[in-house]
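Note on naming: letters A, B, ... go to the chains in the order of the sequence lines (proteins, then strands), and numbering restarts at 1 for each one. Only heavy atoms go into these numbers, but all of them, side chains included; no hydrogens, no water, no symmetry mates.
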Amino acid sequence: MSAIGSIAGSVRSAGIAARRADFPALHQQIHGKPLAYLDSAASAQRPQAVIEAMVAHERRNHANVHRGVHQLSQRSTDAYEGAREKVSRYINASGSDEIIFTRGTTESINLVASSFGRMRLGPGDEVLVTWMEHHSNIVPWQMICEQTGARLVAAPITDTGELDMEAFHRLLCDRTRIVAAVHVSNALGTINPVQEIIEAAHGVGAAVLLDGAQATPHMRIDVQALDCDFYAFSGHKAFGPTGIGVLYGKRALLDAMPPFQGGGEMIRTVTFAKTTYNTLPCKYEAGTQNITGAVGLGAAMDYLSGIDFAELARHEADLLDYATERLLELPGIRLIGTAAAKASVISFTLGDIHAHDLGTVVDMEGVAIRTGHHCAMPVMEHFGVPATARASFALYSDRSDVDQLVAGLNRAAELFL
Amino acid sequence: MNELQELYREVILDHNRRPRNFGELENADRVVEGVNPLCGDSMKLYVKLDGERVSDIRFTGAGCAISVASSSLMTEKAKGNSIGELKSLFDRVHEMLTGDGTGAAPDIDEMDKLAALSGVRAYPTRVKCATLAWHALIGAISGSQDRISTE
Ligand SMILES: Cc1ncc(COP(=O)(O)O)c(C=O)c1O
């Protein structure tokens, strides 16, 4: 990898272009055509380095962590805590005790909704989300609001799929206890003005949780520069494995909040009269965790650390422009989500062809896209469509993937229109 | 025939473009809503009974080509048939769409146009699109439920 990096030094785009070779799953045929994997927003492929790190851990180092005095337990603990260190450094937390391992973004948000909610929410309080949230940043808040008597408020979006900031500022008030917003929308690609959101929320004394599931694979995250209170993301969307994710939280908040789940590892002492809880981060990690998953996530952080994000941004912007241009050539195309600040995600409909039929037809051309409501039914409702097709790009995508998609869509148009 | 034409046969494309018996049915005896939570599609089935016989049947809703065509074909087939006949037809259609071939082999001639749906068998992710209308039909003629889900 370092060799590729140095060769690419002078030829700017060769660095990213060469990355495709790192991902074994991309190099196969589907229905006799080369695979064009345009579903990275659902789950990204993993580089060889991540796969190897996990296999190596499974083959030699596996044991439970924090528990045994034996050699393997020590190795496994070192690997697990080493992964936490890597995550902490990668997103620039102020210490690795602010990194909680979870099953993914969904569990991270549930943790905050439950623990922060029990500490801070009551009747008359408000939780402010946006109309473009993934269901995982809506439902946990609905559940805790029901339990605590707090009210869930959603800031509307515009017809380009941007957050209506005027409405957002109007809805934010001294009753708002927490703002939970998506950093990059999975259904629309919109990149939210998170800096403005965070400053405004802090201005009324509200905490901020950012759902970073779609942001981490596209941009370098610095939680201290953002000054967000919580940041949630999933390993599998950031070139790591499934079943592992991260909750970053500011130490003071994580210390003050009650634990999420009870069990082993999260305790200091247990008697039937009273249990005392462990310190951070173990307080929030009840039970045996996904150790190999953490190791894989650590390797993904290493991989991402080797990426030139300025170059990646140019690469993805070029792909997005090219894909947008090519799609707009198709009669009947409608792009859903045309925000000025947009990640390399394109949602669309084609004539009145149902998204699932599109998905099946392009699959025959070797193209993998996502079809459906993208776990963002309020977004679909806003745009008056039951479902969209979505092509999402990652660092390993290139223009040939777009060409293959367009060929597939032309085929669908021939068949149905 | 290539794979795509095997799935999207002419009959299916035709029934998708011009669904038969599409629209609401006033004075329906049974109204059943069928939903496929996997994709969010839903259809509403209206059935008018004359004793044990389906005298009229219509449907509304939006869905993929497979589900619209399946609904359309189902209503064509159901009209005029008795509840008993339709229950046994359901079993045969279900076997055609989902079976591993070990059950009673559906008689393709007798299935006539419905056989066009058999292409979905090769697409496990799409089978539910085809079965939704049929589950709704069973719900309607058994009078047991007013909401059917494929999940
Ligand atoms: C924006 C966003 N938030 C949250 C999630 C949920 O992530 P996970 O299923 O990994 O918990 C997703 C995944 O689709 C997402 O795109």
Side-chain angles (χ1 to χ4, degrees), chain A residues 29-33 39 42 134-135 138-139 187 332 334 336 347 349-390 404 407-417, chain B residues 1-19 22-23 33-44 59-73 97 116-133 149-151:
Chain A
Q29 304 239 312
I30 300 289
H31 299 297
K33 307 272 168 59
D39 197 19
H134 187 279
H135 296 160
I138 299 175
V139 184
R334 177 184 172 202
I336 307 286
S347 259
T349 58
L350 184 62
D352 59 1
I353 307 175
H354 192 281
H356 282 172
D357 294 317
L358 279 181
T360 295
V361 175
V362 302
D363 178 55
M364 302 286 190
E365 296 290 314
V367 182
I369 58 170
R370 174 79 189 270
T371 56
H373 54 56
H374 315 293
C375 299
M377 286 173 121
V379 172
M380 300 297 117
E381 187 191 334
H382 176 88
F383 288 95
V385 291
T388 72
R390 179 189 70 190
Q404 227 173 300
L409 293 175
N410 272 318
R411 207 155 167 220
E414 274 163 34
L415 200 55
F416 291 105
L417 296 182
Chain B
M1 272 198 290
N2 67 29
E3 283 172 301
L4 261 184
Q5 288 160 341
E6 180 67 28
L7 176 63
Y8 293 112
R9 296 185 200 177
E10 234 359 277
V11 175
I12 294 201
L13 294 175
D14 174 48
H15 277 257
N16 176 49
R17 272 190 213 106
R18 298 183 301 119
F22 190 82
E33 195 190 356
V35 295
N36 184 345
L38 223 57
C39 58
D41 284 354
S42 69
M43 58 99 61
K44 230 178 195 171
F59 77 103
T60 58
C64 64
I66 306 291
S67 85
V68 170
S70 180
S71 301
S72 173
L73 288 162
L97 298 179
L117 291 168
S118 63
V120 299
R121 205 153 142 162
Y123 300 85
T125 57
R126 303 300 303 275
V127 167
K128 282 175 180 159
C129 310
T131 54
L132 178 61
S149 171
T150 54
E151 293 302 297

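- Here NE2 of A:H31 is found 11.5 Å from CG of B:N2. Values are rounded to the nearest 0.5 Å.
- Contact annotation for B:L4: both backbone and side-chain heavy atoms come within less than 4.5 Å of a heavy atom of chain A.
- Enclosure of atom NZ in A:K33 by more than 12 non-hydrogen atoms of other residues, nucleotides or ligands within 6.0 angstrom is indicated.
- Legend: residues meeting salt bridge (Lys or Arg N to Asp or Glu O under 4.0 Å) with B:E33, ordered by chain and number and at least two apart, are B:R147.
- Under the side-chain contact (heavy atoms from CB on, under 4.5 Å) criterion, A:D357 pairs with A:I353, A:H354, A:F416, B:Y8, B:C64, B:A65, B:I66, B:R126, sequence neighbours left out.
- Summarising the geometry, atom CG belonging to A:D352 is positioned 7.5 Å from atom CG belonging to B:N16; distances are rounded to the nearest 0.5 Å.
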